[in-house]
Amino acid sequence: MTLRGKSDPGWSALVEEWKAAQRRLRGRMIITPLDPLPRFIAGADCAFSGDQQTIYAAAVVYDRETRRVIDVAHATRPAEFPYIPTFLSFREGPAIKQAIRALKHEFGAILFDGQGYAHPRRCGIAAHLAIELDQPGIGVGKSRLIGEFGTLASKAGATAPLVDDDEQIGVVLRTQKGLRPVFVSIGHRVDLGSAVKLVAACCTRYRIPEPTRQADLAVAKLKRASDTPAASSRRNRIS
DNA sequence: GCGACAG
DNA sequence: ATCTTGTCGC
């Protein structure tokens, strides 16, 4: 990217290009039940180096039967796109896709950290990446991007529809009693009912479903190992 | 014009 | 996302 800020002439033209790309991807979205719910679920997440110049991504494959992570893959790339609300996938997408493609074990669906359909153009990061990878994908956001929702019970499993412009775009799901809910929306090759069931089925004792949580833990380790002063010194053979 | 705004 | 330990509250 050459233009760096909203004050640069041509910024709005770039924004329109990005929006057009999202609308094209949205046109390729396939909505269908995921049945039966797959046993092996991939999860992906990313983190940034202290100077913000490097993006670390991790992907895992989680076995719902044994409740264990059976595969982990990493990717490290330069961060070349800024964080702009509604364009998150342009920033994190390349690294996350690379990590997912590096997985060796098969999986039947991917859980992403962020919205899928629950996006202004119905193409959040989960939809964007799942469509490009042409794999079943689901968005699991820790907070809301758009949409309104009512009060939901405080017990685990409580849900409320997430609505935007008179359309249901997702489900607000409380995964643990008394904890803040997560925002579930479809990405690709799933329907909302299947998405919510799968996310709920991937939850153990934490707010975040295991595939995504394990990916978060994995990327934290990667970051620690490559972004730490001590680690850098060791790599450079300094004592 | 004034907020809101995934990670 | 990231800066950051203990601490107040259900």
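Remember, it's a predicted structure, so these values are computed and weren't measured experimentally. The sequence lines fix the lettering, A, B, ..., with proteins before strands; numbering per chain opens at 1.
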Undergrad: Heavy atoms under 4.0 Å, any strand shown: does Phe87(A) hit a base, just sugar-phosphate, or nothing?
TA: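 Base, at least one base heavy atom under 4.0 Å.
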Undergrad: Go through the steps for Leu152(A) and Thr159(A) under the test side-chain contact (heavy atoms from CB on, under 4.5 Å), then give the verdict.
TA: CA-CA 6 Å; Leu152(A) 59 166; Thr159(A) 64; 5.7 Å; no
Undergrad: Which nucleotide of DNA chain B is the first, and which the last, in the 5' to 3' direction, to come under 4.0 Å of a heavy atom belonging to chain A?
TA: dA4(B) to dG7(B)
Undergrad: What residues, two or more places apart in sequence or in another chain, satisfy side chain to side chain donor-acceptor pair (under 3.5 Å) together with Thr86(A)?
TA: Arg121(A)
Undergrad: Name the nucleic acid region contacted by Gln115(A), choosing base, sugar-phosphate or nothing; use a 4.0 angstrom heavy-atom cut-off, strictly under.
TA: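 It contacts base atoms.
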Undergrad: Locate the shortest heavy-atom distance separating Ala218(A) from Val60(A); write the atom from each residue and the value.
TA: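 Answer, listing the atom of Ala218(A) first, then Val60(A): CB-CG1, 4.2 Å.
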Undergrad: Where do Gly187(A) and Ala130(A) come nearest, in terms of heavy atoms and distance?
TA: C-CB, 4.4 Å
Undergrad: Considering only heavy atoms, which members of residues 166-195 of chain A lie under 4.0 Å from some atom of DNA chain B?
TA: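 Heavy-atom contacts with DNA chain B come from no residue of residues 166-195 of chain A; none.
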Undergrad: Could I get the full list of salt bridge (charged side-chain N to carboxylate O under 4.0 Å, His left out) partners for Glu148(A), not counting sequence neighbours?
TA: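 Counting only residues at least two positions away or on another chain, Glu148(A) forms no salt bridge (charged side-chain N to carboxylate O under 4.0 Å, His left out).
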Undergrad: Do any of residues 203-219 of chain A sit with a heavy atom less than 4.0 Å from DNA chain B, and if so which?
TA: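 Going residue by residue through residues 203-219 of chain A, none turns out to have a heavy atom under 4.0 Å of DNA chain B.
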Undergrad: Is Arg189(A) salt-bridged to Asp134(A), cutoff N-O under 4.0 Å?
TA: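 Looking at Arg189(A) and Asp134(A), the cut-off is met.
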Undergrad: Taking all non-hydrogen atoms of both residues into account, name the closest pair between Ile186(A) and Ala195(A) and its distance.
TA: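 What the structure gives for the nearest pair is CG2-CB, 4.5 Å.
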Undergrad: Can you tell me which residue pairs pass the salt bridge (Lys or Arg N to Asp or Glu O under 4.0 Å) test with a partner in residues 98-113 of chain A, sequence neighbours excluded?
TA: Asp113(A)-Lys142(A)
Undergrad: Hey, does Phe48(A) reach any base, or is it just sugar-phosphate, or nothing, if we go heavy atoms under 4.0 Å?
TA: sugar-phosphate
Undergrad: Could you walk me through whether Gln98(A) and Arg77(A) pass the side-chain hydrogen bond (donor to acceptor under 3.5 Å, both in side chains) check?
TA: CA-CA 9 Å; Gln98(A) 187 177 322; Arg77(A) 306 175 50 111; 2.9 Å; yes
Undergrad: Hydrophobic cluster membership, with links at side-chain heavy-atom distances under 4.5 Å among I/L/V/M/F/W/Y: are Leu103(A) and Val69(A) in one?
TA: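 No, no single cluster joins them.
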Undergrad: Under 3.5 Å for both pairing distances: what stems, at least three Watson-Crick or G-U pairs long, include DNA chain B?
TA: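 DNA chain B forms no stems at all.
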Undergrad: Let's test your reading of the pairing rules: Watson-Crick or G-U wobble, both distances under 3.5 Å, then write DNA chain C as a dot-bracket string with ( ), [ ], | and dots.
TA: ..........
Undergrad: Hey, could you give me each pair passing salt bridge (Lys or Arg N to Asp or Glu O under 4.0 Å) that has a residue in residues 57-71 of chain A? Not counting sequence neighbours.
TA: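 Output for this query lists Arg39(A)-Asp63(A).
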Undergrad: Are any non-hydrogen side-chain atoms of Tyr56(A) and Lys221(A) less than 4.5 angstrom apart?
TA: no
Undergrad: Please confirm whether Phe183(A) and Phe149(A) have ring centers closer than 6.0 angstrom.
TA: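 For Phe183(A) and Phe149(A), the ring centres are under 6.0 Å apart.
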Undergrad: For the ring pair His105(A) and Phe40(A), is the centre-to-centre distance below 6.0 Å?
TA: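 Yes.
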Undergrad: Using the rule salt bridge (Lys or Arg N to Asp or Glu O under 4.0 Å), only one of Lys97(A), Arg24(A), Arg28(A) pairs with Glu132(A); which is it?
TA: Lys97(A)
Undergrad: Out of His188(A), Glu167(A), Gln168(A), which one pairs with Tyr117(A) under the side chain to side chain donor-acceptor pair (under 3.5 Å) rule?
TA: Glu167(A)
Undergrad: Under the salt bridge (charged side-chain N to carboxylate O under 4.0 Å, His left out) rule, collect the residues that match up with Asp164(A), sequence neighbours excluded.
TA: Arg122(A)
Undergrad: Taking N or O atoms only and anything under 3.5 Å, show me the protein contacts with nucleotides 4-10 of chain C, one pair per line.
TA:
none

Undergrad: Shortest non-hydrogen contact from Gly116(A) to Ala126(A)?
TA: CA-CB, 3.7 Å
Undergrad: Quick check on contacts: within residues 135-149 of chain A, what sits under 4.0 Å from DNA chain B by heavy-atom distance?
TA: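 Heavy-atom contacts with DNA chain B come from Gly141(A), Lys142(A), Ser143(A), Arg144(A), Leu145(A).
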Undergrad: What orientation do Trp18(A) and Phe90(A) show, parallel under 30°, tilted 30 to 60°, or perpendicular over 60°?
TA: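 Ring orientation, 0 to 90° scale: tilted.
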Undergrad: So is Arg91(A) actually on top of Phe81(A)'s ring, under 6.0 Å and inside 45° of the axis?
TA: no
